[in-house]
*Asks:* 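There's a structure below that I have some questions on.
As a basis for the values below, the full set of heavy atoms in this structure was taken, side chains included, without hydrogen atoms, waters or symmetry mates.
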Amino acid sequence: MKVYQSILLLFCCQFLHSLCFGLDCTVVSGNLKQIDAGSGSVVGVNNKNEAFVLIDNIFTKISTSLTHFSVGPAGQLGVDSANKILKLKGGSFVRIPGLLKQVDAGGDQILAGVNMHDNIYCANMDTNNNWPWPSGSSWVQLTGSLKYYSCGPYSCWGVNKNDQIYIKKDVSDKVCSGSGSFVNIPGALAMIEVATDGRVFGVNSQGMLYQRMGVTYSNPAGTDWQQMTACPNGHKHVSFDLGVLWAVCLDGSIRKCSL
């Protein structure tokens with residue numbers, strides 16, 4: 001395996017003309033299709049839409065069935081196979097208004113996500129922390145079309161059906177829609193995740209893993225993409241929190257990597 005990884009890294013550095021390196025990773029028991037880490041917690045779902053929470057380094061199944069699961073400053077949020085949105089309140093998942101296929105709880109107590117038509121939505125902190133939600137529509141629809149959307153402390157990133165990458169700047173707890181239009185970022189990714197500290201990671205359609213370098217509060221778009229390897233057989237999904245990169249490999253196995 002180490003020989004294979006060395007060959008893979010040599011190929012990417014010499015022929016893809018990009019910085020790349022192998023990560024120090026350990027295999028974590030379990031099999032997932034999607035993973036999310038935030039605020040010290042790690043959650044995920046498998047191909048059977050079974051949902052899991054990492055407890056004492058073991059992915060423990062919970063009773064709720066989800067197709068996508070997110071955790072962060074905005075709480076624990078998920079969607080089921082009918083695109084219903086569920087939020088953890090008082091130890092139980094309760095339904096909140098709306099229909100989404102992918103959700104994100106990584107922003108500054110704001111919620112975000114996309115629906116089955118790739119329409120983009122977010123909800124401000126006041127709405128998120130208010131239960132029950134006020135009458136009427138509490139989701140803010142953003143102009144644009146994305147298949148995956150993730151938020152951090154000061155920006156949100158997304159990818160569209162053509163794997164083009166976009167950033168929304170100046171996002172805050174009171175203005176989840178940010179300022180200005182979405183700005184295109186060079187590159188192509190199938191999924192993207194913004195960590196609680198603002199770091200940005202993504203996986204492309206070929207299963208290659210990347211981190212956006214140079215991301216800061218003053219320069220939220222960063223400077224360039226750096227390729228890295230956590231899974232020797234390719235990557236499916238990725239998330240980052242508290243210095244640890246969590247990767248789901250193409251075969252569903254899970255890697256925990258120091259970064």
Side-chain angles (χ1 to χ4, degrees), residues 32-36 38 43-45 47 49 51 65-72 74 77-87 95-107 110-124 127-128 133 136-152 154-171 175-195 200-210 212 220-221 225 235-239 248:
L32 299 174
K33 67 176 180 180
Q34 178 257 325
I35 196 166
D36 197 52
V43 300
V45 297
N47 287 328
N49 296 334
S65 175
L66 298 172
T67 56
H68 194 273
F69 199 180
S70 182
V71 63
L77 193 71
V79 292
D80 64 14
S81 58
N83 296 319
K84 296 176 183 177
I85 310 165
L86 303 171
K87 190 174 189 295
R95 185 180 176 186
I96 61 176
L99 295 171
L100 295 174
K101 67 177 180 180
Q102 178 260 324
V103 288
D104 189 81
I110 66 171
L111 306 179
V114 297
N115 69 7
M116 62 290 295
H117 305 296
D118 289 352
N119 296 321
I120 315 158
Y121 293 89
C122 67
N124 291 316
T127 295
N128 178 35
W133 277 28
S137 177
S138 298
W139 290 101
V140 178
Q141 183 173 357
L142 283 63
T143 301
S145 178
L146 296 172
K147 66 177 180 180
Y148 201 102
Y149 194 48
S150 178
C151 292
Y154 45 79
S155 66
C156 298
W157 293 64
V159 293
N160 67 12
K161 63 180 181 181
N162 298 317
D163 290 352
Q164 294 171 309
I165 308 165
Y166 290 89
I167 182 176
K168 172 70 75 164
K169 301 178 181 180
D170 300 322
V171 173
V175 187
C176 65
S177 56
S179 65
S181 302
F182 280 100
V183 177
N184 179 239
I185 300 295
L189 293 173
M191 63 79 54
I192 196 164
E193 279 288 336
V194 188
V200 180
F201 298 85
V203 174
N204 69 11
S205 58
Q206 287 78 46
M208 297 175 181
L209 169 64
Y210 293 89
R212 186 68 176 176
W225 293 104
H235 312 79
K236 180 185 296 184
H237 211 273
V238 65
S239 190
V248 174

*Asks:* Indicate yes or no for a side-chain donor-acceptor contact from H237 to the backbone of I35 under 3.5 Å, with no hydrogens or angles considered.
*Replies:*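 Yes, H237 side chain to I35 backbone: donor-acceptor pair under 3.5 Å.
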
*Asks:* Please state whether the rings of Y149 and F182 are parallel, tilted or perpendicular, taking 30° and 60° as the class boundaries.
*Replies:*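 Y149 and F182: perpendicular rings.
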
*Asks:* Would you mind reporting whether H68 and V45 have side-chain heavy atoms less than 4.5 Å apart?
*Replies:*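 They are not in contact (no side-chain heavy atoms under 4.5 Å apart), so the answer is no.
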
*Asks:* Side chains of D104 and S150: closer than 4.5 Å at any heavy-atom pair?
*Replies:*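 In contact.
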
*Asks:* To check you understand the geometry: which heavy-atom pair defines the closest contact between I110 and A74, and what is its length?
*Replies:*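 Closest approach of I110 to A74, heavy atoms only: O-CB, 3.3 Å.
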
*Asks:* Identify the heavy atoms of W157 and A221 that sit nearest to each other, and give their distance.
*Replies:*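 Closest approach of W157 to A221, heavy atoms only: CH2-O, 3.6 Å.
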
*Asks:* For W139 and A112, work out which heavy atoms get closest and say how close.
*Replies:*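 Scanning both residues completely, I find the closest heavy atoms to be CZ3-N, 4.4 Å.
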
*Asks:* Where the side chain of N204 meets the backbone of Q206, is there a donor-acceptor pair that is under 3.5 Å apart?
*Replies:*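 Between the backbone of Q206 and the side chain of N204 there is a qualifying donor-acceptor contact (under 3.5 Å).
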
*Asks:* Return the minimal non-hydrogen interatomic distance between T127 and S138, and the atom names on each side.
*Replies:*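 In this case the closest contact between T127 and S138 is CG2-CB, 3.3 Å.
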
*Asks:* Any side-chain heavy atom of K33 sitting closer than 4.5 Å to one from N49?
*Replies:*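 Yes, close enough: below the 4.5 Å cut-off.
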
*Asks:* Check whether any side-chain N or O of H235 sits under 3.5 Å from a backbone N or O of G207 as a donor-acceptor pair, and report yes or no.
*Replies:*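 Checking the backbone N and O of G207 against the side chain of H235, a donor-acceptor pair under 3.5 Å is found.
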
*Asks:* Are K101 and K147 close enough that some pair of their side-chain heavy atoms sits under 4.5 Å apart?
*Replies:*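 They are in contact (side-chain heavy atoms under 4.5 Å apart), so the answer is yes.
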
*Asks:* Considering only heavy atoms from C-beta outward, does the side chain of I165 approach that of W225 to under 4.5 Å?
*Replies:*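 Yes. Closest side-chain heavy atoms under 4.5 Å.
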
*Asks:* Sulfur to sulfur, is the gap between C122 and C156 shorter than 2.5 Å?
*Replies:*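 Cystine link not detected, SG atoms outside the 2.5 Å cut.
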
*Asks:* For K84, look at atom NZ and say whether over 12 heavy atoms of other residues, nucleotides or ligands are found less than 6.0 Å away.
*Replies:*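 For K84, atom NZ is not crowded (no more than 12 foreign heavy atoms under 6.0 Å).
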
*Asks:* Are side-chain heavy atoms of T143 and S181 found at a separation under 4.5 Å?
*Replies:*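 Side chain of T143 against side chain of S181, heavy atoms only: no contact under 4.5 Å found.
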
*Asks:* So which of N184, I120, D118, L146 actually passes side-chain contact (heavy atoms from CB on, under 4.5 Å) with N160?
*Replies:*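 Running side-chain contact (heavy atoms from CB on, under 4.5 Å) over N184, I120, D118, L146 with N160 returns exactly one hit, L146.
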
*Asks:* Side-chain contact, heavy-atom cut-off 4.5 Å: V43 with L66?
*Replies:*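 Contact flag for V43/L66 side chains = no.
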
*Asks:* Main chain of V79, side chain of T67: is a donor-acceptor contact present, judged purely on distance under 3.5 Å?
*Replies:*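 Yes: the side chain of T67 pairs with the backbone of V79.
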
*Asks:* For the residue pair M116 and L99, what are the closest heavy atoms and their distance?
*Replies:*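 Minimum heavy-atom separation between M116 and L99: CE-CB, 4.0 Å.
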
*Asks:* Side chains of C151 and V194: closer than 4.5 Å at any heavy-atom pair?
*Replies:*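 Answer no - side chains too far apart.
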
*Asks:* Give the minimum heavy-atom separation between D170 and S179, together with the two atoms involved.
*Replies:*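 D170 and S179 have their closest heavy atoms at OD2-OG, 2.5 Å.
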
*Asks:* Please walk me through it: do K87 and N128 pass side-chain contact (heavy atoms from CB on, under 4.5 Å)?
*Replies:* CA-CA 10 Å; K87 190 174 189 295; N128 178 35; 2.7 Å; yes

